[in-house]
Peer 1: 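Just passing along the structure, written as structure tokens.
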Amino acid sequence: MAQDGFVLVSRESQITKKSHAAANTAPTLQHEGPHDHLAEIASFVDSQSEKLWHLNKFIHSNPEPAFQEFKAHEALTKFMRSRPERWQVTSSACGIETAWIAVYDSGRKGPAVSFNVEMDALPNLGHACGHNLIASASLAGALATAHIIEKHSLAGKVYVFGTPGEEGYHGGKIQLLNRGAYDKVDISLISHPSILNNSPFVRTTAFCRLEVEFFGRTAHAANAPWQGINALDALVASYNSISMLRQQTQPSDIIGFAITNGGGDATNVIHAYSSAVCTIRSSSASRVDTLVDKVGACFDAGAQATGCTVEIKVIKGYKDHVPNMHLAASFAEHWSSLPDPYPVGPELRAHERGYTYVKASTDQGDISHALPSINVSFAIPAGPEKGGPHSADFEKAAGTKWAFDRALRVGKGMAGVAVDVLTRDGFLDTVKGEWRERFGVENKL
């Protein structure tokens with residue numbers, strides 16, 4: 001995820017009472033038993049553990065930055081093509097060089113479940129966000145789901161999306177989504193390691209990036225300063241306005257600011273150019289849009305006060321991830337029924353209620369606004385410094401066998417969710433109904 005840690009937040013700042021009651025509560029699943037296929041899923045994943053461990057180690061040992069995951073792309077597509085199941089694999093999918101898609105089709109019309117695989121690492125830190133573990137969990141879940149479909153002659157499809165470039169703000173999932181890759185998919189499943197949480201009820205933050213330039217007119221600061229138009233003053237005035245704005249922002253609002261060009265190092269001139277970058281983060285995409293308007297007004301005010309012109313480039317980041325609470329409740333039941341050889345982090349109760357808020361962002365958030373999704377947070381044994389994601393300590397922790405075993409448990413739980421969607425009468429309709437109510441969409445899905 002594009003952040004450096006997980007922070008619990010007491011409540012979301014913007015949500016109506018109606019949607020809060022409907023969407024911020026984990027339902028109790030009404031069926032005879034959540035574990036009909038769980039033993040088979042667990043046994044199958046265990047049988048694939050050695051192969052998945054070698055693949056996990058390869059990805060962790062060969063970190064590649066966003067959209068340059070060439071080794072991971074080759075290894076993962078080769079692995080999927082080698083499987084005995086009938087996977088149809090597309091390399092460089094949707095015109096994205098390191099994206100890929102694998103599809104298992106039962107040949108019988110039914111639900112389409114999907115798992116997202118992440119591959120990219122952090123510059124100078126390697127897999128300090130644990131994307132190797134995300135890949136392992138999703139592969140385990142997808143392979144197990146296909147195995148259950150084949151063994152029990154179930155109807156439906158399994159999609160695996162190799163999604164590059166999660167780190168940063170050009171998210172591969174968003175590019176795949178915009179190019180129609182998810183059009184035929186009913187649900188999306190993914191996970192993310194941490195050292196704090198065991199929860200499928202994760203809500204992440206939304207963020208946006210502003211790149212700002214001020215244009216003035218240079219002049220000699222001693223001889224004729226009145227002939228100049230000071231772009232540095234425009235930037236300083238904007239910075240001070242934003243600093244004052246923070247007094248009226250909400251606890252979940254974060255406005256980060258960096259001066260990228262102050263006009264040069266000369267002190268005897270009126271600076272004709274300045275630039276800055278601003279990152280805005282908050283609890284929801286709609287709140288980020290509101291803050292973009294407010295922050296943009298601060299930049300406009302700086303320009304107006306000094307006579308400069310300003311250009312503001314708004315770069316969309318990621319939307320907040322909104323978990324589907326029925327899918328999350330299904331995962332919680334399966335997770336709680338699986339043995340845990342390495343207990344780490346807080347216990348996840350099958351009927352836990354309420355969101356788990358984290359101040360991190362992911363392009364899975366955009367997926368959750370397009371179709372029902374969960375982004376399972378799972379704790380792995382921490383390194384000696386207890387460092388969280390985006391730390392050198394976490395990079396080492398993410399490469400351990402203990403962490404991998406935790407990821408496989410997550411994969412088993414996600415496969416349980418997928419099989420619930422494939423086999424439980426009316427469950428997918430309930431999942432989609434929740435999604436439509438949460439996002440106010442009448443004629444979709």
Side-chain angles (χ1 to χ4, degrees), residues 1-7 45 48-66 68-69 71-73 75-76 79 98 115-141 162-168 172 189-200 202 204 335 340-346 358-364 375-414:
M1 286 191 193
Q3 235 294 45
D4 58 353
F6 296 108
V7 180
V45 171
Q48 304 300 308
S49 175
E50 184 175 353
K51 295 177 182 178
L52 291 171
W53 170 236
H54 287 303
L55 190 58
N56 180 88
K57 286 196 299 181
F58 177 83
I59 295 172
H60 186 268
S61 299
N62 292 273
E64 299 167 292
Q68 297 179 41
E69 310 93 336
K71 292 180 181 179
H73 176 277
L76 289 163
F79 175 79
T98 54
F115 298 79
N116 283 336
V117 169
E118 294 184 2
M119 302 171 286
D120 58 324
L122 291 160
N124 304 315
L125 280 174
H127 277 290
C129 209
H131 290 191
N132 58 301
L133 300 174
I134 296 172
S136 295
S138 288
L139 287 176
T163 61
E166 189 271 344
E167 300 293 350
L189 307 174
I190 195 172
S191 62
H192 199 288
S194 73
I195 61 171
L196 294 178
N197 300 315
N198 290 308
S199 175
V202 169
T204 63
W335 170 272
D340 189 359
Y342 311 115
V344 182
V358 300
K359 288 203 172 180
S361 300
T362 170
D363 53 358
Q364 185 71 18
N375 179 27
V376 178
S377 180
F378 65 100
I380 65 172
E385 304 298 324
K386 309 298 182 185
H390 290 216
S391 70
D393 196 48
F394 192 82
E395 187 274 339
K396 295 176 183 177
T400 64
K401 185 63 162 56
W402 283 7
F404 170 76
D405 288 342
R406 295 282 291 176
L408 290 194
R409 185 184 176 197
V410 173
K412 295 171 185 177
M414 292 196 298

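Note that these values count all heavy atoms, side chains included, but never hydrogens, waters or copies made by symmetry.
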Peer 1: Less than 4.5 Å apart, any side-chain heavy atom of Phe404 and any of Ser49?
Peer 2: yes

Peer 1: Answer yes or no: is there a side-chain heavy-atom contact under 4.5 Å between Asn197 and Val202?
Peer 2: no

Peer 1: How long is the straight-line distance from CG of Asp340 back to CZ of Arg409, given to the nearest 0.5 Å?
Peer 2: 4.0 Å

Peer 1: Please list all pairs meeting salt bridge (Lys or Arg N to Asp or Glu O under 4.0 Å) that have one or both residues in residues 378-401, counting only residues at least two apart or in different chains.
Peer 2: Lys401-Asp405

Peer 1: Using a 4.5 Å cut-off on heavy atoms from C-beta on, say whether the side chain of Val376 contacts that of Pro200.
Peer 2: yes

Peer 1: Using side-chain heavy atoms (C-beta onward) and a distance below 4.5 Å, is Ile190 in contact with Glu118?
Peer 2: yes

Peer 1: Just how far is it from atom CG of Asn56 to atom CG of Leu408, taken to the nearest 0.5 Å?
Peer 2: 8.0 Å

Peer 1: So which heavy atom on Asp363 is nearest to which on Gly172, and how close?
Peer 2: OD2-N, 3.3 Å

Peer 1: Quick one: list whatever passes side-chain contact (heavy atoms from CB on, under 4.5 Å) with Ala137, sequence neighbours left out.
Peer 2: Ser191, Ala407, Val410, Met414

Peer 1: Return the minimal non-hydrogen interatomic distance between Ala140 and Gly411, and the atom names on each side.
Peer 2: CB-CA, 4.3 Å

Peer 1: May I ask you to test the Ile59-Met119 pair for a side-chain heavy-atom distance under 4.5 Å?
Peer 2: no

Peer 1: Mind listing the closest non-hydrogen atom pair of Ile134 and Pro193 along with its distance?
Peer 2: CG1-CD, 3.7 Å

Peer 1: Can a donor-acceptor pair be found, under 3.5 Å and without considering hydrogens, that links the side chain of Ser138 to the backbone of Asn116?
Peer 2: yes

Peer 1: Taking Glu64 for the side chain and Ala72 for the main chain, is one N or O donor matched with an acceptor at less than 3.5 Å?
Peer 2: yes

Peer 1: Donor-acceptor pair, Asn132 side chain versus Gly399 backbone, under 3.5 Å?
Peer 2: no

Peer 1: Backbone N or O of Val344 within a donor-acceptor pair of the Arg406 side chain at under 3.5 Å?
Peer 2: yes

Peer 1: From Phe79 CZ over to Lys51 NZ, what is the distance, rounded to the nearest 0.5 angstrom?
Peer 2: 7.0 Å

Peer 1: I'd like to check Glu167 versus His131 (side-chain heavy atoms, cut-off strictly below 4.5 Å). Are they in contact?
Peer 2: yes

Peer 1: Would you give the length of the straight line joining atom NE2 of His192 to atom CZ of Phe378, rounded to the nearest 0.5 angstrom?
Peer 2: 8.5 Å

Peer 1: Kindly check if the number of other-residue, nucleotide or ligand heavy atoms within 6.0 Å of NZ (Lys71) is above 12?
Peer 2: no

Peer 1: Got a second to check how far Glu69's CD is from Thr98's OG1, nearest 0.5 Å?
Peer 2: 4.0 Å

Peer 1: Please report the closest heavy-atom contact between Ser377 and Ser194, naming both atoms and the distance.
Peer 2: OG-OG, 3.5 Å

Peer 1: Return the minimal non-hydrogen interatomic distance between Ala379 and Asn198, and the atom names on each side.
Peer 2: N-OD1, 2.9 Å

Peer 1: If I take atom CG from residue Asp120 and atom CD from residue Gln68, how far apart are they, to the nearest 0.5 angstrom?
Peer 2: 10.5 Å

Peer 1: Quick one: closest heavy-atom pair of Ala382 and Ala397, and the distance?
Peer 2: C-CB, 4.4 Å

